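Below: one structure, written as structure tokens.
Whatever order the structure lists ligands and atoms in, that order sets their numbers, starting from 1. Worth saying up front: this structure is predicted, and the values here are computed from it rather than measured.
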Amino acid sequence: MYIDLTSGHIEKRDFSEYLRSWIGGRALATRLYWDMVAPEIRAHDAENVLMVLPGPLAGTSAIACSRWIMAAKSPYLYPEQFAFGNAGGFLGAAIKKAGIDGMIITGKAPKLSYLYVDNGTVTISNAAFLRGATTEQTMHSLRATHGANVSIVCIGPAGEACVRFATAATDRGGSLSNGMGSVMGSKNLKALVVKGSGSVAVADPAALQNLNKKIRHLRKGQNEVLYLSEPMLKGIERGRTTPCYACPAGCTRAYFTHISGSHQVLQMCASSHYYNAWDQRYYGEPSEHTFTAIKQCNDLGLCTGEMTNLIWFLDACYTQGLLTPDTTGLPLEKIGSIEFITTLTDIIANRKGFGDRLAEGTRRLSLAMGNDAASLALRRITQHGYAADSYGPRIFYTNALLYATEARNPIIQLHEYSFTVMKWIFWYTTSGMMSSLSTERLRNLAQRVWGSADAVDFTSFTGKALAAFHIQNRSHAKEALVACDRFYPLLDSDKTDDGIGDPALEAKLFSAVTGIPLEESDYLAFGERAVNLQRAVALREGKNGRIDDRLNTFHFTDPIEHEEGLIGVFNPDLEFPGPNGTIVCIKGRTFDEAAFERMKDEYYRLRGWDVATGLPYEQTLRVHGLDFVCKELAEKQKLVQQ
Ligand code: SF4
């Protein structure tokens with residue numbers, strides 16, 4: 001469904017020629033982006049194109065396969081470039097049930113508007129009555145108008161004000177990162193409301209049923225591990241679960257209540273705790289204000305991931321005398337208090353005073369403040385603006401390449417490796433009581449899916465580039481489906497003799513639903529094609545290849561003492577598998593920069609890219625069917641002949 005908000009023109013377009021090659025989700029968005037968003041278009045220009053794309057399995061009973069993405073040129077990343085948010089809830093399924101495979105939205109509405117999709121019929125409606133409304137108020141109001149069974153994605157005041165890291169909120173507490181709410185705001189698009197009453201045809205319902213049965217069996221007992229893997233806050237109780245469409249709830253998605261009874265929030269991941277550390281530091285113990293802080297962000301439409309970066313940066317600038325309460329209008333001496341976070345969220349979402357500068361995000365703010373501030377910020381965030389050290393390279397050498405080569409936070413890729421290792425940590429720290437993923441099983445699994453057992457030897461650089469290559473290919477394929485990374489790939493299981501789950505499940509699900517045969521090797525080859533297209537887009541938008549595939553300096557200079565995320569909570573001594581089944585402590589190590597450069601050499605060779613420049617060989621792109629990018633990349637001198 002193609003919608004031009006400027007003219008109000010709406011039409012169905014046939015992109016079926018793209019679907020066989022690009023499937024859906026992230027990969028299809030990247031392909032459409034190549035055609036529709038020229039490099040000179042800015043994120044907030046009317047010409048930017050906002051894509052809302054589920055995958056081919058959405059709306060079917062395929063477990064945890066009804067997530068969806070929203071993609072566009074991102075105003076959050078630095079510099080602006082292609083990115084996407086990945087959300088759960090019901091909207092992906094609703095779009096498919098409305099008889100639509102995806103939505104392409106361009107232009108800018110003359111006044112604040114919302115789109116209503118009623119089973120394939122789209123109307124653009126006046127949203128003046130929603131101006132300034134929070135996301136919760138907006139959803140409530142639109143459901144009152146269109147019925148309780150519609151699915152919604154909408155923005156709050158931060159999106160309307162084009163805050164660069166504004167989120168778009170969807171049902172069941174889902175949200176879209178990377179500034180997708182900001183792009184909606186720039187288009188005067190307050191919400192998208194979808195009513196889908198149809199059903200999605202499945203080529204082989206019996207096969208799908210059997211696969212779902214198998215998934216439940218292989219995964220039985222693992223949910224508890226995931227629940228326990230979230231750091232629990234004092235005084236918080238878990239209420240009813242709030243799973244996405246066609247999911248038996250494989251994660252922490254649920255309502256949580258503070259014992260004070262004062263707040264109830266949906267909690268999805270660690271970013272839900274974003275204010276917890278400062279709250280504890282200020283009050284001496286965790287308070288219900290942590291909940292209030294989440295709710296404020298959810299209501300206003302602010303990304304808690306970026307809020308974490310900003311508060312860290314403000315705290316560090318205050319300590320170093322780079323910012324004061326007078327220059328910011330913020331009670332910087334009270335970071336951690338409810339007063340501070342209430343003021344901060346309000347001035348950002350409404351771009352009041354210093355909030356107008358904060359609304360640009362940590363990276364741009366720090367650059368505008370000068371060299372000292374910019375260097376300081378790079379202690380926390382990458383050159384592109386997102387957190388630089390979650391499951392970081394000093395511990396996970398493989399992840400170094402994922403960070404260096406992806407512009408957007410590669411969190412889904414980081415999860416494949418790190419969640420698996422987390423299960424080993426549970427095995428190790430509980431003597432096998434909470435997990436069956438022993439060192440031997442982990443090594444077998446690494447051999448099967450990441451190319452070698454060396455991938456999980458935490459002392460060497462051997463096999464890490466190969467692991468990164470496989471992880472990226474598999475992740476890009478998964479993000480085309482769009483399958484949930486809390487479920488897929490289902491790499492390990494204590495229900496099989498060798499402890500390996502079924503890494504081919506996604507390909508089998510695709511075949512069952514579409515009727516198109518797909519082997520695991522085809523699935524991974526598809527992912528590889530998508531990685532190459534992503535590289536082509538990044539190069540066209542200004543990336544220069546090898547010299548831009550870099551990590552922040554601190555990884556090479558500062559010894560790691562603990563990990564801030566889940567790994568640090570459950571493995572504070574940083575003990576990991578070493579060579580030949582041994583266990584090693586890696587506390588205090590830095591990342592050898594020369595070794596990192598050698599890993600890049602190996603990675604480029606695996607990709608079929610030129611080692612000296614990191615630019616793709618023309619032959620590689622043509623082998624992957626990317627002939628359409630070659631001319632433009634050659635003109636920009638971003639292509640190498642072998
Ligand atoms: S595992 Fe959680 S996030 Fe993933 S589809 Fe299920 S409920 Fe949604």
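- Comment: E519 does not engage K508 in a salt bridge, judged by the lack of any side-chain N to carboxylate O separation of less than 4.0 angstrom.
- In the vicinity of F487, heavy-atom distances shorter than 4.0 Å reach the ligand 1 atoms 1 (S).
- Taking the six-membered ring wherever Trp is involved, the centroid distance between the rings of F15 and W22 does not fall below 6.0 Å.
- Every atom of ligand 1 with a heavy atom of C484 under 4.0 Å away is listed here by number and element: 1 (S), 3 (S), 4 (Fe), 5 (S).
- Checking Y114 against H146 by side-chain atom types alone, a donor-acceptor pair falls below 3.5 Å.
- Residue contacts with ligand 1 leave out G88, since none of its heavy atoms falls under 4.0 Å from the ligand.
- The heavy atom nearest to atom 5 (S) of ligand 1, considering only A87, P243, C247, is found in C247.
- Not one N/O/S atom of C244, from backbone or side chain, sits under 2.8 Å from atom 6 (Fe) of ligand 1.
- Salt bridge annotation for D492-R441: absent, with no cationic side-chain nitrogen under 4.0 angstrom from a carboxylate oxygen.
- In this structure, a donor-acceptor pair under 3.5 Å is absent between the side chains of N178 and S74.
- Proximity to R486 (heavy-atom distance under 4.0 Å) selects the following atoms of ligand 1: 1 (S).
- A salt bridge between R143 and D171 is present, with a side-chain N of the basic residue lying under 4.0 Å from a carboxylate O of the acidic one.
- Within ligand 1, counting atoms from 1 as listed, the ones closer than 4.0 Å to a heavy atom of R67 are 3 (S).
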